Asker: 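A single structure is presented below for examination.
As the structure is a prediction and not an experimental result, all values here were calculated from the model. What you see below is based on every heavy atom in this structure, not just the backbone, and it leaves out hydrogens, waters and symmetry mates.
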Amino acid sequence: MAAVVLVHGLYHRPEHFAVVAERLRTDGTKVAVPELHRGSLAADTAAVQAVIDALPEPRVVLGHSYGGSVITGVRGAAHLVYLAAFVLDAGESAASLGGASQQLKDAIVAEPDGSTTLHPGLAVDTLYGDCPGPLAAQAVGLLRAQAPGCGRGVPQHHSWKKTPSTYVICAQDRAIDPGLQRTMASRCTDVREWQTGHSPFVGQPDLTVELLRELLPTRIAPSRNQVVTITR
């Protein structure tokens, strides 16, 4: 049985991938969506690694946003998918690459316990600006507080250097600069470009489902830096 692991980003929960996961499961694909928020990049990576190790092969592993930092450090994936995500090299962190846009920084609210949250009104436009209103409101309602420091974590392993990978640039992203995404995408073996905001798995889940369905049966590494643009 084929298997997919979906790794969410900062402030998010596994429930944000609920529609994508359910549609893949109807195909007979085994889907795991681990919970992060373990307090550090190293702890988040260990949690995802444990899930990967427990799954049958082949394992397609998708990381969204900060989730790219996490999947960079895992082993055992057959194919990596970076969805508007961080593809880090030695010594790099999401923070050191200047990952957060000013719009995202403006949405961050410091809490008394040292954690941060996102201002709901600003988060809608930043993360889900191209999503239908009810879906965006539901997604914002799922957001949770984030412990400090995860974005400054540096992976100890760089899986994309040996594992086939697909980068999805979200060209209308307001959270992570599409220009930075294109730079990071050059490290992957395949590049797609979607005309979406930061969270297509919420507003246009079929795009994510179709990509994963494509990768599961073939698992063929395409020519480096092939670019396919989706204009929806």
Asker: Considering residues at least two apart in sequence or located in another chain, which fulfil the side-chain contact (heavy atoms from CB on, under 4.5 Å) criterion with Ala139?
Answerer: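 Ala139: side-chain contact (heavy atoms from CB on, under 4.5 Å) contacts with His16, Tyr128, Val202.
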Asker: Is any NZ, NE, NH1 or NH2 atom of the basic residue among Asp190 and Arg192 found under 4.0 Å from an Asp or Glu carboxylate oxygen of the other?
Answerer: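 Salt bridge between Asp190 and Arg192, a charged N being under 4.0 Å from a carboxylate O: yes.
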Asker: Tell me yes or no: between the side chains of Glu111 and Thr117, is some donor less than 3.5 Å from an acceptor?
Answerer: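 Result is yes, a qualifying pair exists.
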Asker: Scan residues 45-76 for pairs that pass ring pair (Phe, Tyr, Trp, His ring centres under 6.0 Å), counting only residues two or more places apart or in two chains.
Answerer: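 Counting only pairs at least two positions apart or across chains, the ring pair (Phe, Tyr, Trp, His ring centres under 6.0 Å) contacts touching residues 45-76 are His12-His64, His64-His198, His64-Phe201.
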Asker: If the condition is side chain to side chain donor-acceptor pair (under 3.5 Å), which residues does Glu15 pass it with, not counting sequence neighbours?
Answerer: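 Expected list: none.
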Asker: For Leu88, enumerate each residue passing the side-chain contact (heavy atoms from CB on, under 4.5 Å) test, keeping only those at least two apart in sequence or located in another chain.
Answerer: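 Counting only residues at least two positions away or on another chain, Leu88 forms a side-chain contact (heavy atoms from CB on, under 4.5 Å) with Ser69, Phe86, Glu92, Leu97, Pro155.
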Asker: Got a sec, which residues hit side chain to side chain donor-acceptor pair (under 3.5 Å) with Arg38, two or more places apart in sequence or on another chain?
Answerer: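 Side chain to side chain donor-acceptor pair (under 3.5 Å) list for Arg38, sorted by chain: empty.
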Asker: Can you name the nearest heavy-atom pair linking Tyr167 to Ala84, along with the distance?
Answerer: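 Heavy atoms of Tyr167 and Ala84 come nearest at OH-C, 3.6 Å.
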Asker: So how far is it from His157 NE2 to Arg75 CZ, rounded to the nearest 0.5 Å?
Answerer: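 If I round to the nearest 0.5 Å, the distance is 4.0 Å.
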Asker: Rounded to the nearest 0.5 Å, what's the gap from CD on Gln204 to OG on Ser199? Could you check?
Answerer: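 With rounding to 0.5 Å, CD (Gln204) is 11.5 Å from OG (Ser199).
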Asker: Closest heavy-atom contact between Leu41 and Cys150?
Answerer: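 That would be CB-O, 4.1 Å.
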Asker: Report the residues that fulfil side chain to side chain donor-acceptor pair (under 3.5 Å) with Lys30, sequence neighbours left out, ordered by chain and then residue number.
Answerer: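 Side chain to side chain donor-acceptor pair (under 3.5 Å) check on Lys30 returns nothing, list empty.
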Asker: Charged N to carboxylate O under 4.0 angstrom, Arg23 versus Glu210?
Answerer: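 No salt bridge links Arg23 with Glu210.
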Asker: For Ile108, give me all partners under side-chain contact (heavy atoms from CB on, under 4.5 Å), at least two apart in sequence or on another chain.
Answerer: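 For Ile108 the side-chain contact (heavy atoms from CB on, under 4.5 Å) partners, ignoring immediate neighbours, are Tyr11, Thr116, Leu118.
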Asker: Could you name each residue pair satisfying salt bridge (Lys or Arg N to Asp or Glu O under 4.0 Å) that touches residues 156-178, not counting sequence neighbours?
Answerer: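 Residue pairs passing salt bridge (Lys or Arg N to Asp or Glu O under 4.0 Å), neighbours aside: Asp89-Lys161, Asp125-Arg174.
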Asker: Going by salt bridge (charged side-chain N to carboxylate O under 4.0 Å, His left out), name the residues that satisfy it together with Asp106, two or more places apart in sequence or in a different chain.
Answerer: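 Scan of Asp106 (salt bridge (charged side-chain N to carboxylate O under 4.0 Å, His left out), adjacent residues dropped) gives none.
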Asker: Identify, with sequence neighbours excluded, every residue that meets side-chain contact (heavy atoms from CB on, under 4.5 Å) alongside Arg182.
Answerer: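 Partners of Arg182 under the side-chain contact (heavy atoms from CB on, under 4.5 Å) test: Ile169, Ala171, Pro178, Glu193.
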Asker: Tell me which pairs pass ring pair (Phe, Tyr, Trp, His ring centres under 6.0 Å) where either residue lies in residues 97-124, with sequence neighbours left out.
Answerer: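 The answer is none; no pair qualifies.
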Asker: Is there a side-chain contact between Leu212 and Leu6, using heavy atoms and a 4.5 Å cut-off?
Answerer: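 In short, these two side chains touch, coming nearer than 4.5 Å.
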Asker: Taking side chain to side chain donor-acceptor pair (under 3.5 Å) as the test, write out the residues that go with Ser115, two or more places apart.
Answerer: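 Listed in chain order: Asp113.
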